[in-house]
Amino acid sequence: MRIKVIGAGVAGLVAALELARRGARVDVVERSDRLGAQACGWFAGGMLAPWCEQENAPPEVGTLGQRALQWWPRHFRGTVCRGTLVVAPARDQRELDHFARRSERHAWLDAGQVGKLEPDLAGRFHRALFFAGEAHLDPRRALPAIAARLNELGVPIHFGAASADVLPDADHILDCRGYAARDALADLRGVRGEMLLVHSREITLSRPVRLLHPRIPLYVIPRGDGLFMIGGTVIESADRGAITARSAMELLNGAYALHPAFGEARIVDMGTGIRPAFADNLPRLIRRGHTLYINGLYRHGFLLAPAMAQRAARAILDPPSGAAA
Ligand SMILES: Cc1cc2nc3c(=O)[nH]c(=O)nc-3n(C[C@H](O)[C@H](O)[C@H](O)COP(=O)(O)OP(=O)(O)OC[C@H]3O[C@@H](n4cnc5c(N)ncnc54)[C@H](O)[C@@H]3O)c2cc1C
């Protein structure tokens, strides 16, 4: 069984690994010349937060997403399992109550417990929600680690290649082109997400911290070595252009409200990714002849890729009896 996976984003790489582990012969084709150069996932937070996401996502996201909490630590050693902390400024405490009502598997912390968990936030928040079972990873390390694993398994990634030139006689095509697949999936839309990467030696965090705010909720995710990712806007637009001044100001203001040390942080990167989404914001596996599409991962590519990859591997390798293999 020879399978061509188009797209070396998180959906394509995770699916290629699931297929190769099950003995399929897989080739991956990536239009850009290096990993992440044109992938939305390069700008992602990498939060594996099935319970936090229940606050504004359909329940399936939580159910499917829980598989990521086993899959990523098994395949990427850099997965950090230290939970998520959710806080709100004193004037926005109602946002925290609302968040608690709409999510589950959290514990309320008082000021002392917040300080024990994140010493640099001691005295800044008198209560918080803690989602102990959640995890996070750095996409810019996780994607290369999955690519390296594929290399060990003998799965080539053809960079800078046109799909038509690679494995033209593949038995199956798995299309994981993200938003670029809108040429075939007419109801796919793009949702712009902007982020910043900053460097500061003045503050240490051990886990993603979400700061709730009625207008622009944001999160700060530690990447190690003084790096922090600040994200992310959610804008109904497929405009890939650079981050706007308004978004940068709002994200930086939010980080400053979390801790004033972010005022002195150095900005090391800014970026924009286009999240692929369907109208219901749920992922889909779509079959058209010998082509299967994984798409619509929206805000949850790292969270949902393992479950969608396992579904795709089953659909290709264990087709229901009577269906074409
Ligand atoms: C700011 C931001 C924060 C986010 N935070 C999180 C988070 O914390 N947790 C989470 O789970 N998700 C998060 N996401 C969402 C996540 O990044 C996306 O859901 C995910 O990247 C979608 O994956 P994908 O593989 O479908 O698409 P992409 O990541 O866009 O990858 C598609 C790949 O296909 C390639 N391609 C396209 N056309 C072709 C072609 N013709 N031939 C060959 N290759 C092609 C592209 O170059 C690209 O490499 C975030 C996104 C953004 C923007």
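All ligand and atom numbering here is 1-based and tracks the order in the structure.
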Exercise for review: Could you say whether the N/O atoms of P276 and ligand 1 ever approach to under 3.5 Å?
Suggested key: no
Exercise for review: Specify the protein heavy atom at minimum distance from atom 8 (O) of ligand 1: its residue, its atom name, and the distance to 0.1 Å.
Suggested key: M47 N, 2.8 Å
Review point. What are the atoms of ligand 1, with element, lying closer than 4.0 Å to any heavy atom of Q38?
Key: 46 (C), 47 (O), 48 (C)
Exercise for review: Provide, to 0.1 Å, the distance between atom 34 (O) of ligand 1 and the closest protein heavy atom, together with that atom's residue and name.
Suggested key: G7 CA, 3.3 Å
Practice item. Answer with yes or no whether the side chains of Q38 and R31 bring together a donor and an acceptor at under 3.5 Å. Key: yes
Study note, to complete from the structure: Between F130 and G83, the two heavy atoms sitting closest are CE1-CA, 4.0 Å
Practice item. Find the distance between CZ (F131) and CD (E53) and round it off to the nearest 0.5 Å. Key: 10.0 Å
Practice item. Identify whether the distance between the nearest side-chain nitrogen and carboxylate oxygen of D175 and K4 falls below 4.0 Å. Key: no
Practice item. Return a yes/no value for G12: is any of its N or O atoms, backbone included, closer than 3.5 angstrom to an N or O of ligand 1? Key: no
Study note, to complete from the structure: heavy-atom search around atom 33 (C) of ligand 1 in the protein gives G9 N, 3.6 Å
Exercise for review: Search all heavy atoms of A257 against all heavy atoms of L211 and return the closest pair with its distance.
Suggested key: CB-CD2, 4.1 Å
Point to revise | Per-residue contact class, L297 against ligand 1 - non-hydrogen pairs under 4.0 Å | key: both
Study note, to complete from the structure: Within 4.0 Å of some non-hydrogen atom of Y219, the atoms of ligand 1 are 3 (C), 4 (C), 5 (N)
Practice item. Under 4.0 Å, heavy atoms only, figure out whether ligand 1 is touched by the backbone of A162, its side chain, both or neither. Key: neither
Study note, to complete from the structure: Nearest heavy atom to atom 35 (C) of ligand 1, choosing from R192, R177, E30, belongs to E30
Revision key, fill the gap. In ligand 1, the atoms that come under 4.0 Å of a heavy atom of G45 are 3 (C), 4 (C), 5 (N), 6 (C), 7 (C), 8 (O)
Point to revise | R192 backbone acceptor or donor facing S237 side chain under 3.5 Å | key: no
Review point. For the residue pair L35 and F159, what are the closest heavy atoms and their distance?
Key: N-CE2, 3.4 Å
Practice item. For A180, counting its heavy atoms only, list the atoms of ligand 1 lying under 4.0 Å from any of them. Key: 37 (C), 38 (N)
Practice item. Could you tell me whether the side chain of R102 and the main chain of E55 form a donor-acceptor pair under 3.5 Å? Key: yes
Practice item. Before signing off on this row, confirm whether G301 and ligand 1 have an N or O atom pair separated by under 3.5 Å. Key: yes
Check your understanding: Purely on distance, is any nitrogen or oxygen of G273 under 3.5 Å from one on ligand 1?
Key -> no
Review point. Do I267 and L252 touch side chain to side chain, with heavy atoms closer than 4.5 Å?
Key: yes
Check your understanding: Heavy-atom distance to atom 36 (N) of ligand 1: which of H136, E53, R31 wins?
Key -> R31
Review point. Which of the listed options, R275, H300, M308, holds the heavy atom that is closest to atom 51 (C) of ligand 1?
Key: R275
Exercise for review: Please state whether S163 comes within less than 4.0 angstrom of ligand 1, counting heavy atoms only.
Suggested key: no
**Study point:** Lys NZ or Arg CZ of R240 over Y179 ring: under 6.0 Å, within 45°
**Key:** no
Review point. Looking only at atom types and distance, does a side-chain atom of H106 sit under 3.5 Å from a main-chain N or O of A100, one as donor and one as acceptor?
Key: yes
Point to revise | Nearest neighbour in protein (non-hydrogen) for atom 23 (O) of ligand 1 | key: V10 CG1, 3.5 Å
Review point. Roughly how far, to the nearest 0.5 Å, is CG of L64 from CD of Q66?
Key: 9.5 Å
Practice item. Answer yes when D269 and R140 have at least one side-chain N-carboxylate O distance shorter than 4.0 Å, and no when they do not. Key: yes
Review point. Is ligand 1 less than 4.0 angstrom away from at least one heavy atom of G231?
Key: no
Point to revise | Polar atom proximity, A44 to ligand 1 (N or O, under 3.5 Å) | key: no
Study note, to complete from the structure: atom 27 (O) of ligand 1 sits nearest the protein heavy atom G178 CA, 3.6 Å
Review point. Hey, does the side chain of R207 reach the backbone of T84 with a donor-acceptor pair shorter than 3.5 angstrom?
Key: no
**Study point:** G46 N/O under 3.5 Å from ligand 1 N/O
**Key:** yes
Practice item. Please report which non-hydrogen protein atom sits nearest to atom 25 (O) of ligand 1, along with the residue it belongs to and the distance in Å to one decimal place. Key: A11 N, 3.1 Å
Point to revise | Nearest-option assignment for atom 15 (C) of ligand 1, heavy atoms, candidates Y298, W42, F302 | key: Y298
Check your understanding: Does R299, backbone or side chain, put an N or O under 3.5 Å from an N or O of ligand 1?
Key -> yes
Review point. Would you say ligand 1 has an N or O under 3.5 Å from any N or O of M229?
Key: no
Check your understanding: Strictly by modelled atom types, are H158 and D27 linked by a side-chain donor-acceptor pair under 3.5 Å?
Key -> yes
Check your understanding: Identify the closest protein heavy atom to atom 42 (N) of ligand 1: which residue and atom is it, and at what distance?
Key -> I6 CG2, 3.5 Å
Check your understanding: For atom 28 (P) of ligand 1, what is the nearest protein heavy atom, given as residue, atom name and distance?
Key -> C40 N, 3.6 Å
**Study point:** Which of the ligand 1 atoms, numbered from 1, are nearer than 4.0 Å to a heavy atom of G41
**Key:** 17 (O), 21 (O), 29 (O)
Revision key, fill the gap. Sorted by chain and number, sequence neighbours left out, salt bridge (charged side-chain N to carboxylate O under 4.0 Å, His left out) with R149 holds for E152
Check your understanding: For ligand 1, which atoms sit closer than 4.0 Å to a heavy atom of F43?
Key -> 1 (C), 2 (C), 3 (C)
Check your understanding: Can the positive tip of R284 be found less than 6.0 Å from the middle of the six-membered ring of F278, inside 45° of the ring normal?
Key -> yes
